[in-house]
Amino acid sequence: MTAISQIRLLRCWGMNSNHQNHLSTHPFLKFSLSHLHSLAYTPEHTIQYQPQHHKTSENKDFYSLIKTCSSKTHLLQIHTQLIKNSLLQNPIISLNFLSNSLAHDLNYSSKIFTQIENPSPFQYNAMIKASSPSNGFNLFLEMQRKGVKIDALTASFVLKLCIKLKSLMGGLQIHSRILRNGFQSDNRLMTCLMDLYSNCGKCDEVCKVFDEMHVRDTVAWNALISCYIGNGRTRDALSVFDSMQGLPSGEEPDDVTCLLVLQACGNLNALDFGEKIHEYIYEKGYANALKIQNSLISMYSRCDSLEKAYGVFKVMPNKNVVSWGAMISGLAINGYGREALEAFNEMLNMGVSPDDKIFTGVLTACSHGRLVDEGLMFFKRMREEFQIVPNIHHYGCMVDLLARAGLLDKAYEFIMSMDIEPDPEIWRTLLGACRIHRDFDLGEHVIEKLVELKAQQAGDYVLLLNIYSSLGNWEKVMELRRFMKERGIVTTPGSSTISLKGELHEFVADDVSHPQKCEIYEKLGEINHQLKIVGYDAEVTSELHNQDAADKEISLLYHSEKLAIAFAILSTPPGTSIRVAKNFRICVDCHNFAKVLSGVYDRVVVIRDRTRFHHFCGGQCSCNDYW
DNA sequence: AGGCTCTGTG
């Protein structure tokens, strides 16, 4: 809004000349718009407002008032005025009204929209943007039926709806529309399309759209990275960052790229890469951005560098609730349960009010620190003191807390008493604990629940296999394998990644692709021999092998972390600590293997699996075999 | 008028 229009606006709202003088002596840029609104919206002024006396230019000021109005009461007054002065048919006024999200909250948008005789494409767009997914999609169909012009903006709004609906079919419809209407050169639209395919798990389609873009701007590159992260191709996300260096188009990684790549580094435990990004952040001057700092905290704490995470946190002049959340979760996953709870208290003392995500971190801290009573207490406090309704994440933490502590029955009861339907992940949490505590009766029952939910995944059966094999129940192992084969259940390979000298090495179970594979396997044999001397017993795994030599992929699942460790011993000087990231849970055997190895080879070994860190040092595990 | 984007169960 220009200074002139502010003056005009004040005039039209009946301000006296004193106010005008007062204003004119001030630089208009400094004049707060909200102040202007508070003056303009007082009821007396509203009544004095006579729109028929105004020229079109003054109507324009009215447009922006509607657009920027941020109070429901004021919007209500405006609405009354609009009706009184029959201004609702004014296309721009109604459009602006539709565009205001408060209007939608108040259910005004749809009322106004139905009163418009022949909505313009713009009005349709505003309405689609504000509507619920299914209503919006119906409006789009109506536009098509009535032959209303569909532009790139319509397409992008409808794509957003499809993302919310997870509707690939709807998205395909829009895609063909885009091609027919020749909107391919619109980058904003194409990134929307990438986002849709990404959300539907269609990585190949995302790449295709990206490849076909004429001009690839940074946002398009970012959408590609985001797709790779969201679809488990985290390593590819990092290589995209490298590809973005020295592009002929001159496009460079921006702050959003950094946010995304930091997330990828955290997933992969790729500390070196993360530090490289941190340097880049300094170079580009992003280091003071709050989102960047929050992501750095998360990246460092997930890369086993809690001190560096705290280093970032400590010097932040402005910490928001997200920063505290990152720090609390960082402490929690690194096994500092008590410290995480202290951080929570400090946050309260600083006057920051916790949100639902904070409590996820707090409950995680209790679960990882085996603080059962505290966890139950916080779960209660969350509801009673902070009026936060527990969500599925909170329930998940609680099930994990009880189940890992061995209170399997209590965990089961807890699930049955939940206010919301348990999702498959809740059952998997319990299943994971059944494996730890070798309760295969309950394990089988949980699998049944997963079958009921039609949500059983290969990983679930692998967990159950694990339970049977650790109990030495080979008959059940065979039976379950046959079942899996009949049903065509394919296991996702477990993989371990290790970062050395800035280079990321990934090992999968049946991996023979590494250039040093011969030396690695040889080294692994040697290590096995050494460990056996001091009593490491790998019988469980080897027997699993013998039971069904033809079906190696499942039993080999347990070995990707061993390959990574052997490689690290081979490639680093004695005494260097070894950090491995595993995409699933570490198995019993590998846990043992790492524990014994840390003593025999005098190496600190840190394995971060999908659920937590495992620190091994001097033949001991910091978690005391509590997983 | 619109795109990618911070913390979080397992």
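What you see is a predicted model; the values in this text were computed from it and never measured.
For the OP1/OP2 pair of B:dC4 and a distance below 4.0 Å, the side-chain nitrogens and oxygens of A:K160 include at least one atom meeting the criterion. OP1 or OP2 of B:dT5 lies within a sub-4.0 Å distance of a side-chain N or O belonging to A:S226. A:H394 has no side-chain polar atom (N or O) that falls below the 4.0 Å cut-off from OP1 or OP2 of B:dG10.
At a threshold of 4.0 angstrom between heavy atoms, the contacts of A:D254 with the nucleic acid are absent. A:A152 comes within contact range of at least one nucleobase, with a heavy-atom separation under 4.0 Å. Residue A:N391 is out of contact with every strand shown, counting any heavy-atom pair closer than 4.0 Å. Within 4.0 Å (heavy atoms only), A:L259 reaches at least one base atom of the nucleic acid.
The side chain of A:F122 has B:dA1 as its nearest neighbour among B:dT9, B:dA1, B:dT5. In the set B:dT9, B:dG2, B:dC4, B:dG2 carries the atom at the smallest distance from any side-chain atom of A:F157. Relative to the side chain of A:H393, the nucleotides B:dG3, B:dG8, B:dT7 differ in distance, and B:dG8 lies closest. Counting only heavy atoms from C-beta on, A:D400 has its side chain closest to B:dT9 among B:dT7, B:dC6, B:dT9. For A:K129, the listed nucleotide lying nearest its side chain is B:dG2; candidates were B:dG2, B:dT9, B:dC6. When distances run from any side-chain atom of A:T364 to the nucleotides B:dT5, B:dT9, B:dC4, the shortest one goes to B:dT9. Here the nucleotide nearest the side chain of A:K291, chosen from B:dG8, B:dT5, B:dC4, is B:dT5. Distances were taken from every side-chain heavy atom of A:T191 (C-beta onward) to each of B:dT5, B:dG3, B:dT9; the shortest belongs to B:dG3. Among the nucleotides B:dG10, B:dG2, B:dG8, the one closest to any side-chain atom of A:L189 is B:dG2. Closest approach to the A:S298 side chain among B:dT7, B:dG2, B:dC4 is made by B:dT7 (side chain taken as heavy atoms from C-beta onward).
Using cut-offs of 30° and 60° on the angle between ring planes, the pair A:Y412 and A:W427 is tilted. A:F359 and A:F386 have tilted rings, their planes meeting at an angle from 30° to 60° on a 0 to 90° scale. Between A:H278 and A:Y300, the ring-plane angle classifies as tilted under the 30° and 60° cut-offs.
Between the P atom of B:dT9 and the CZ atom of A:F379 lies a distance of 16 Å, rounded to the nearest Å. A:D151 has its CG atom 15 Å from the C1' atom of B:dG3, to the nearest Å. For the pair A:I358 CD1 and B:dT9 P, the computed distance is 13 Å after rounding to whole Å. In this structure, CG of A:N288 is placed 15 Å from C1' of B:dC6, rounded to the nearest angstrom. Across the protein-nucleic acid pair, A:Q263 atom CD and B:dT7 atom P stand 5 Å apart, rounded to whole Å. Nucleotide B:dC6 holds its C1' atom 14 Å from the CG atom of A:D356, rounded to whole Å. Atom pair A:I174:CD1 and B:dG2:C1' shows a separation of 14 Å (rounding to whole Å applied). When rounded to the nearest whole Å, the span between CG of A:L402 and C1' of B:dG10 equals 15 Å.
Not counting sequence neighbours, A:E205 has no partner by the salt bridge (Lys or Arg N to Asp or Glu O under 4.0 Å) test.
With hydrogens and angles ignored, no donor-acceptor pair closer than 3.5 Å exists between the side chain of A:T429 and the base of B:dG10. No N or O donor and acceptor, one from the side chain of A:N222 and one from the base of B:dG3, sit under 3.5 Å apart. You won't find any donor-acceptor pair under 3.5 Å spanning the side chain of A:N125 and the base of B:dG2, going by distance alone.
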Chi angles and distances behind the side-chain contact (heavy atoms from CB on, under 4.5 Å) call for A:S109, A:M127: CA-CA 7 Å; A:S109 304; A:M127 198 55 210; 3.9 Å; yes
Criterion side-chain contact (heavy atoms from CB on, under 4.5 Å) on A:N334 and A:H368, from CA distance to verdict: CA-CA 8 Å; A:N334 280 280; A:H368 286 222; over 6 Å; no
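A:H614 and A:D609 share a donor-acceptor pair across their side chains, judged by distance under 3.5 Å alone.
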